[in-house]
Amino acid sequence: MKYKVKKTKSICTEITVPGDKSISHRAVMFGALANGTTEVTGLSLGQDVKSTIRCLKELGITVNMVDGVLKVTGFGLRGLRAPKGVLDAGNSGTTMRLLSGILAGQDFSVTLTGDESLSRRPMKRIIEPLQKMGAIIQGTAEGYAPLTIKGTILSSFKHELPVSSAQVKSALLLAGMYARGTTAVSEPVKSRDHTERMLSYLGANIGIDENTVTIEGFPLLKAAPIQVPGDISSAAFFIVAATIVPNSTLIIKNIGINPTRVGILEALRIMGADIVEDSFTSKNYEPSTNLQIKSIQLSGTTIAREMIPKIIDEIPVFAVAATQAKGETVIRDARELRVKETDRIKAVVENLRRMGAAVEELPDGMIIPGEQKLKGAVINSYHDHRIAMAFTIAGLIAEGETTIENADCVDISFPGFFMQLEELCHA
Ligand code: S3P
């Protein structure tokens, strides 16, 4: 599907966005490993979370949606069954990497596949550390999916990750549940900590010391209700839209503000954004709030180092905001963007240039001059949901018409994105 978007005059309304994708994956997976029925409200209904649900059903878990509440019934760490066929993780790196950690400790074998994009994403980063725990796991000669995993007895290990990654950290902590003793994972900069929070909430013994997380083997996880807050990564598209489209005021209700995820708010505020938080709550150890955003002139900034993991998924739309700031914006230390659903540095640079913007590509980021006029263009989404949505927002401030190619990929994280956008734009 192609999606066409034109310049809009303002954005004004009150909205909610779908549930947080990272928390949703974990709610389904950890619910499947707990004893009893975990009831999940606010779950993301994107394709990625559906991939996780599909895999767990194939592993013998009962998962039902009843009146908008997902019910996942687990029988503890040993409650999974050998699947009949290959498990398909679709486009979802979180599904493949986290499930690998769980499956390494079972008493059966499985093969995990994914779509074309997922089959080009690096898996050595989980294969090698899992092998250090005794896992029998293999990918292709180049270290890609499909992954074959022969479940076995695991040993605990103290891992030091060369690159911060919540997916890798989570895979190793999950494998650590199937190993006697304490498994530790240290990373250079703290990545999102939803796994630690949710496993603690369900009863695991988790320790946290700066950037090191530990877990004790064979926890008794107990089902408990989980409320998933709105996804700040989805809200980010509208936060940027309301900031850069003049005369806008937008309220977004119930957005997750876990401190390891709020880089987009921090970076935009440093640039002068008008974002107010109101009505703070916390459920299952995950904080959330309502946000009110008003349009304002931004100023350029630099984001790098410990800021990057907190904003990693929002960088494409952040780059769009940067084109409108006074002065230059520099993004560094974000090499990981090259191994996401597509090479997001290349995709952002190429598409900004298609819209007539100047941008310098760096190996680990980009330099974006400010106060640029964007022109409508044909955008290559590379079948990447966040590229498609980021450039739809760029289309709201561009002269003329912007066409997003292969726009259906937004369903990966945000089904209904275009419809919601149309409701809040005032042409
Ligand atoms: C995710 C972790 C991040 C993020 C991804 C979702 C997760 O990747 O980019 O979209 O749910 O754990 P890393 O594993 O690189 O941190």
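No hydrogens, no waters, no symmetry mates; every other heavy atom, side chains included, goes into these values. Just so you know, ligand 1 is whichever comes first in the structure, and atom 1 is the first atom listed for that ligand.
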Taking the non-hydrogen atoms of [X], is any one of them nearer than 4.0 angstrom to ligand 1?
{"X": "H194", "value": "no"}
{"X": "H25", "value": "no"}
{"X": "K340", "value": "yes"}

* To do: Anything under 30° is parallel, anything over 60° is perpendicular, the rest tilted; go ahead and classify F238 against F417.
  =>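 Judged by the thresholds at 30° and 60°, the geometry between F238 and F417 is parallel.
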* Asked: Relative to each other, are the rings of F418 and Y3 parallel, tilted or perpendicular (30° and 60° limits)?
  -> parallel
* Asked: What is the nearest protein non-hydrogen atom to atom 14 (O) of ligand 1, stated with its residue, atom name and distance?
  -> S165 OG, 2.6 Å
Any N/O of [X] closer than 3.5 Å to an N/O of ligand 1?
{"X": "S164", "value": "no"}
{"X": "S22", "value": "yes"}
{"X": "K21", "value": "no"}
{"X": "Q167", "value": "yes"}
{"X": "D313", "value": "yes"}

* Of the options R338, R335, R332, which is the one that meets D364 in a salt bridge (Lys or Arg N to Asp or Glu O under 4.0 Å)? ->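 Going through the options one by one, the only one that passes is R332.
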* To do: Scan for side-chain hydrogen bond (donor to acceptor under 3.5 Å, both in side chains) pairs involving residues 209-218, sequence neighbours excluded, and state none if there are none.
  =>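 Checked against side-chain hydrogen bond (donor to acceptor under 3.5 Å, both in side chains) - neighbours excluded - the pairs reaching residues 209-218 are T182-E216, S186-T212.
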* Asked: To which of A166, S233, S413, S191 does the heavy atom nearest atom 16 (O) of ligand 1 belong?
  -> A166
* Atom CD1 of I208: over 12 foreign heavy atoms under 6.0 Å -> yes
* To do: Considering the heavy atoms of T94, write down every atom of ligand 1 situated less than 4.0 Å from one of them.
  => 1 (C), 6 (C), 7 (C), 11 (O)
